[in-house]
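The block underneath contains the structure these notes are about, expressed in structure tokens.
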Amino acid sequence: HAPASIKRDESGKVTAFVCKPQVIGSYDSGGRPAPYDADLPEREVPADVVIVAIGQAIGHNDQQELRDCYRSGFVLACALAVGVAVLEVPVFRLLIGASGAGAELAQEAWAYARGMMIALVIGVMTTFGTYVLIANGKTRPLVYLTLFEGIVNLVADVGFVKFLGMGTAGAGYGTAVANIMRLGATIYVVLHETDAYRCIRLGRARSIPTILGFGRSTFIVGLVGSVS
């Protein structure tokens, strides 16, 4: 909505703020959308005080820096996913071997780990999409995405374990399928609810050191949790 006018009563006191619905138009050379009037009636918002604020923005409103942060985060997420894919096989083998379990138990653990290794790689990219939605204030879709993932996980587990007789391996693959479906649904929501794709495409990966500095403690906590 764009401001249109301020209504007053006979004594001059404010009674309402009048605004005009807008439609987001094409982007200009600076990357800012150019809104225009929608074919809708003006809207009156009852008010007794109207505070005029011009040129307000959160932070310093640097559009290019915002794009760079998106691009840097995407590059880091891809690099982390590749790193996990490369390292998880020897790490899982090391952990299973160090557990001192018998041959049968170790075989069951490795059967489950195969599915979990797929889930871990997919989960890295899903986490990036989740934080994109949080940064854009789109928290409600996350509730539905979590419910969706849980239902898919349950159905996949039952299908693989009970009907296909895959045992422990089926539970791991069920988690992998749920993660893949969650990633696909997250990508769909991100593309339709945010401008992250455009930011990633136009940004430059020059904010990586800053992001790594902020995320060091979170990364350590996550790493410890993953190993556990």
Side-chain angles (χ1 to χ4, degrees), residues 24 27 31-33 58-92 113-154 156 172-228:
I24 296 179
Y27 290 84
R32 300 181 63 179
I58 298 175
H60 43 81
N61 199 28
D62 188 330
Q63 295 295 316
Q64 187 57 49
E65 185 173 350
L66 178 63
R67 299 189 194 106
D68 292 348
C69 286
Y70 271 108
R71 180 64 173 264
S72 299
F74 179 72
V75 170
L76 281 173
C78 292
L80 184 58
V82 172
V84 170
V86 171
L87 295 176
E88 62 184 352
V89 173
V91 169
F92 266 95
R114 285 197 292 268
M116 288 303 300
M117 286 189 290
I118 299 173
L120 278 175
V121 176
I122 300 299
V124 171
M125 300 306 300
T126 302
T127 300
F128 172 74
T130 297
Y131 278 105
V132 167
L133 292 175
I134 293 174
N136 283 272
K138 307 294 182 180
T139 54
R140 179 173 292 183
L142 293 176
V143 177
Y144 301 128
L145 287 170
T146 301
L147 290 173
F148 172 72
E149 180 184 7
I151 293 172
V152 171
N153 201 342
L154 178 62
Y173 286 123
T175 302
V177 169
N179 274 258
I180 293 171
M181 296 294 288
R182 167 70 181 264
L183 175 60
T186 300
I187 292 173
Y188 176 84
V189 175
V190 167
L191 290 177
H192 285 77
E193 297 289 337
T194 74
D195 64 344
Y197 171 74
R198 184 172 180 277
C199 289
I200 292 172
R201 183 169 55 86
L202 298 178
R204 292 168 290 180
R206 60 181 184 179
S207 300
I208 291 178
T210 303
I211 294 176
L212 290 176
F214 282 128
R216 189 181 300 114
S217 58
T218 305
F219 171 76
I220 293 174
V221 172
L223 181 63
V224 172
S226 298
V227 173
S228 300

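We number each residue from 1, following the sequence as shown.
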Quick check: do Ile122 and Arg182 have side-chain heavy atoms less than 4.5 Å from each other?
no
Should Arg114 and Tyr173 count as side-chain neighbours, where that means a heavy-atom distance under 4.5 Å?
yes
Rounded to the nearest 0.5 Å, how far apart are [atom1] of [X] and [atom2] of [Y]?
X: Ile118; Y: Thr175; atom1: CD1; atom2: OG1; answer: 10.5 Å
X: Leu145; Y: Thr139; atom1: CG; atom2: OG1; answer: 11.5 Å
X: Lys138; Y: Glu193; atom1: NZ; atom2: CD; answer: 5.0 Å
X: Asn179; Y: Met116; atom1: CG; atom2: CE; answer: 7.5 Å
X: Met181; Y: Thr126; atom1: CE; atom2: OG1; answer: 12.0 Å
X: Thr146; Y: Leu142; atom1: OG1; atom2: CG; answer: 6.5 Å

What are the two closest heavy atoms between [X] and [Y], and how far apart are they?
X: Phe128; Y: Ala77; result: CB-CB, 3.8 Å
X: Pro209; Y: Arg206; result: CD-O, 3.9 Å
X: Ser207; Y: Ser72; result: N-OG, 2.9 Å
X: Gly203; Y: Arg71; result: O-NH1, 3.0 Å
X: Ala81; Y: Val121; result: O-CG1, 4.0 Å
X: Gly174; Y: Ala156; result: CA-CB, 3.7 Å

Among Thr194, Val189, Thr127, Ile200, whose side-chain contact (heavy atoms from CB on, under 4.5 Å) with Val132 holds?
Thr194
Are there over 12 heavy-atom neighbours, none belonging to Ile24, within less than 6.0 Å of that residue's CD1?
no
Begin with the C-alpha distance, continue with both residues' side-chain angles, and end with the deciding distance and a verdict on side chain to side chain donor-acceptor pair (under 3.5 Å) for Asn153 and Glu149.
CA-CA 6 Å; Asn153 201 342; Glu149 180 184 7; 5.6 Å; no
